[in-house]
Amino acid sequence: MCSSLVLGIESSCDETAAAVVDDGFRIHSNVISSQVDIHHPYGGVVPELASRHHVLNIVPVVDAALASAGVSLDRLQGVAVTAGPGLVGALLVGLQFAKSLAFVTGVPLVAADHLMAHLEAPFLDQADGGPSFPHICLLASGGHTLIGLRRSPFDLEVLGATRDDAAGEAFDKVAKMLGLGYPGGQVIDDHASRGDPAAVRFPRALRGRGVWDFSFSGLKTAVKQHLARQGPPGDASGLADLCASFQEAVVDVLVERVRQAVDHTALRQIVVAGGVAANTRLRAVLDQEAERSGWRLFVAPRILCTDNAAMVAVVGHRHLAAGRLADLAQNAVSSWSGRPG
Ligand code: KG4
Ligand code: ZN
């Protein structure tokens, strides 16, 4: 790959982020401004508030990313921005900013798909090029869950996806039921580390050979029914057991789908991405499986699993290399087309 400095911009949900990445993997800066404190009192992301805070944050965040990389605008070979899926009002802030920047500077513009960007995170900081193609990929975030076969950068076959809640969404909803606030993934992960994953046997939906899709809403309902029957956990250890048991059910299903994909494709390289890939138990179980079954596992450091702009810059690098540029008519899209964009 020839040297190319790409500015990535991400504003699809509640993080305003900008990053400068060289050669599609070398991170020069990675600035993330989280709005968690703003949305926390509401128990979830309030779209209008998210948009307003992106407007306030976008200029300082991009300035900080350029300054900490020591890169001026005239050295950029491209600007890549998340165009979807996500909250349209939030996406539009980053997109309009990137379009203006591209217009004023003449730097080529790339419209990045947020899901594909997550799948690029394990390539970051991998001097040996990271995973090679084809490989199996598992994406588990707050909005999406899918297992797929990625044959090349622009060729992703989705084998299965969630029929209802995403894995991260299940973490967030269960955390809310338990009064643990928003977002729920990390806090459940923390409590679960002190609990017994076998304390409560929660259901694992859609099991069995040939079944590729996921479903997490039944698990969420099972936790709700458990709470209705038993009442809220009486002490810290009861809470830890409940969190560990719920988490185990999610992890079991995700890991089982990876095993199934390995059997189906005979591939051994596995990319795991999205916010839920930050989960301690999921990472540990996948590590054990990789060791036992000879998989090569590629999971990014936690900070690159959740929303960031470095992964968006990798998409930028690939699109620039393939001549896939966006223009000023580019719009934001709320839902996923099902195809790598
Ligand atoms: O990928 P992401 O940052 O944003 C989306 O594209 O949705 O994922 C956010 C999701 C949230 O649902 C959050 O609760 C979950 O990832 N998450 C975790 C952990 N950290 C974040 N879930 C389980 N364990 C974690 N440690
Ligand atoms: Zn995301």
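Remember, it's 1-based here, ligands and their atoms both numbered in the order they're listed. On a predicted model such as this, the values are computed, not experimentally measured, just so you know.
Across every non-hydrogen atom of Ser33 and Asn57, the tightest pair is OG-ND2, 3.5 Å. Taking every heavy atom of both residues into account, Ser141 and Val276 meet most closely at O-CG2, 4.2 Å.
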Pair Phe97-Val59, side chain to side chain contact (heavy atoms under 4.5 Å, CB included): steps then yes or no: CA-CA 8 Å; Phe97 182 87; Val59 172; 3.8 Å; yes
Start with the C-alpha distance between Leu76 and Thr105, add both sets of side-chain angles, then the distance that settles side chain to side chain contact (heavy atoms under 4.5 Å, CB included), and finish with yes or no. CA-CA 9 Å; Leu76 292 177; Thr105 59; over 6 Å; no
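The Zn ion (ligand 2) is closest to atom NE2 of His118 (considering only N, O or S atoms). Residue-level check: among N/O/S atoms of His114, NE2 sits closest to the Zn ion (ligand 2). When the N, O or S atoms of Asp307 are ranked by distance to the Zn ion (ligand 2), OD1 comes first.
Considering backbone and side-chain atoms alike, Thr306 places every N or O at 3.5 Å or more from each N or O of ligand 1. Taking only nitrogen or oxygen atoms, main chain and side chain alike, Glu15 does not reach within less than 3.5 Å of ligand 1. The N/O atoms of Gly168, backbone and side chain alike, include one that comes under 3.5 Å of an N/O atom in ligand 1. Residue Gly274 has no N or O atom closer than 3.5 Å to an N or O atom of ligand 1.
Of the N and O atoms on the side chains of His114 and Glu10, at least one donor lies less than 3.5 Å from an acceptor on the other residue. Judged by distance alone, the side chains of His53 and Thr16 never bring a donor and an acceptor atom under 3.5 Å apart. Between Arg302 and Thr280, the side chains place a donor N or O and an acceptor N or O closer than 3.5 Å (distance only, hydrogens not considered). Between the side chains of Asp164 and Ser215, at least one donor-acceptor pair of N or O atoms lies under 3.5 Å.
Using a 4.0 Å cut-off between heavy atoms, Asn279 contacts ligand 1 through both its backbone and its side chain. Contacts between His144 and ligand 1, counted as non-hydrogen atom pairs separated by less than 4.0 Å, are absent for every part of the residue.
At least one heavy atom of Ala278 sits less than 4.0 Å from an atom of ligand 1. By the 4.0 Å heavy-atom criterion, His114 is counted among the residues contacting ligand 1.
Interface atoms of ligand 1 facing Asp189, defined by a heavy-atom separation under 4.0 Å, are 24 (N), 25 (C), 26 (N). With ligand atoms numbered from 1 in the order given, ligand 1 contributes 7 (O) to contacts under 4.0 Å with heavy atoms of Gly143. Within ligand 1, the atoms closer than 4.0 Å to a non-hydrogen atom of Asp172 are 11 (C), 12 (O), 13 (C), 14 (O), numbered from 1 in the order shown.
What sits closest to atom 3 (O) of ligand 1 on the protein, heavy atoms only, is Asp307 N, 3.0 Å. Atom 7 (O) of ligand 1 has Gly142 N, 2.8 Å as its closest protein atom, hydrogens excluded (heavy atom only). Of the protein's heavy atoms, Gly185 CA, 3.4 Å lies nearest to atom 18 (C) of ligand 1. Nearest protein heavy-atom neighbour of atom 17 (N) of ligand 1: Gly275 O, 3.5 Å.
Ring to ring, Phe123 and Phe298 are not that close: their centroids are 6.0 angstrom or more apart. Phe133 has its ring centre less than 6.0 Å from the ring centre of His135.
If you run side chain to side chain contact (heavy atoms under 4.5 Å, CB included) between Arg257 and each of Asp252, Leu206, Leu159, Val262, only Leu206 comes through.
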